[in-house]
Number of protein chains: 2
Amino acid sequence: MEENKIAELDEETLFLVSQTFKALADPTRIRILHLLFNGELSVSNIAETLDLNQSNVSHQLRFLKNLRLVKYRRDGKTIYYSQDDEHVMKILQQSIDHASHH
Amino acid sequence: MEENKIAELDEETLFLVSQTFKALADPTRIRILHLLFNGELSVSNIAETLDLNQSNVSHQLRFLKNLRLVKYRRDGKTIYYSQDDEHVMKILQQSIDHASHH
DNA sequence: TTATAATATGAATATATGTTCATATATATT
DNA sequence: AATATATATGAACATATATTCATATTATAA
């Protein structure tokens, strides 16, 4: 029988994983993603709902967009953001559930 | 019918979740936890294996211990660390698998 | 074209974080 | 008791990060 040895961690995977968790490591970004559970929202809508600076929200959304955790569509002057990574959203949901039971 | 509305995020849960993901957001800590998939290891063993400063490993282990992601036992001069949060370790494993397929 | 609204961007800044260095603590050995 | 080994700790430092401010961009409406 072979040992159930865990595979090596290559540099690229390590970077990707750490970046993804970094996205989830900030309260503001968690709140934004948490909001997007309910569906797409405009930047100003997110900012109002969470009582955040528009610029701040825009910066954070860019961060999330670069990691492809969210996507957007434009409708006139308004840009609607929505989730774009089921796996990460599921992990976030699980972790919130897990943490909220304490 | 009611809408499937997502519950509010209270301050404490938000903090806990962000802290947990912060633990997973650093490459060094990911490498340490990844090593611990295979079982308990001493501080010096971790440091050697990952080619890290002993002090650095010690600091990171303290961080992980404070979040109860790892636990330790002493045997003489040696202290052995091991994983202590199945849920988080499962999430890490999933995320590594997910990321390594790209 | 001018004005208005929604969003994005870059610079500035304060704070957080990761790592190293020097040293302290705890245990074992002689 | 003196020495050696394993780990922990605190200070220092460099870098990263989150937020704000001022302004640019893009699209609509007057």
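Chain letters run A, B, ... following the sequence lines, proteins first, then strands; residues in each count from 1. The structure displayed is predicted, hence computed values, not measured ones.
- Proximity of Asn56(B) to the phosphate of dG18(C): no side-chain N or O atom is located under 4.0 Å from OP1 or OP2.
- Distance Lys22(B) NZ to dT17(D) C1': 10 Å, rounded to the nearest Å.
- Within 3.5 Å, a donor on the side chain of Ser55(B) pairs with an acceptor on the base of dT9(D), or the reverse.
- Backbone-only contact: Thr78(B) has heavy atoms under 4.0 Å from sugar-phosphate atoms and none from a base.
- For the OP1/OP2 pair of dA6(C) and a distance below 4.0 Å, the side-chain nitrogens and oxygens of Tyr72(A) include no atom meeting the criterion.
- Atom CD of Gln60(B) and atom C1' of dT17(C) are 9 Å apart (whole Å).
- Picking from dG18(C), dA6(D), dA27(D) the nucleotide with the shortest atom distance to the side chain of Arg74(A) gives dA27(D).
- Below 30°, between 30° and 60°, or above 60°: for Phe21(B) and Phe21(A) the angle between ring planes is below 30°, a parallel geometry.
- For a distance-only test at 3.5 Å, the side chain of Gln54(B) fails to qualify as a donor-acceptor partner of the base of dA6(D).
- Between Arg62(A) and the phosphate of dT7(C), there is no side-chain N or O to OP1/OP2 separation shorter than 4.0 Å.
- Note on Tyr80(B): nothing from the nucleic acid sits closer than 4.0 angstrom, heavy atoms only.
- Across every strand in view, dT30(C) sits in a pair with dA1(D) that passes the Watson-Crick or G-U test at under 3.5 angstrom.
- Residue side chain His59(A) does not reach the base of dT17(D) through any donor-acceptor N/O pair under 3.5 Å, judged by distance alone.
- Relative to the ring axis of Tyr80(B), Arg74(B) does not place its NZ or CZ within 45° and under 6.0 Å from the centre.
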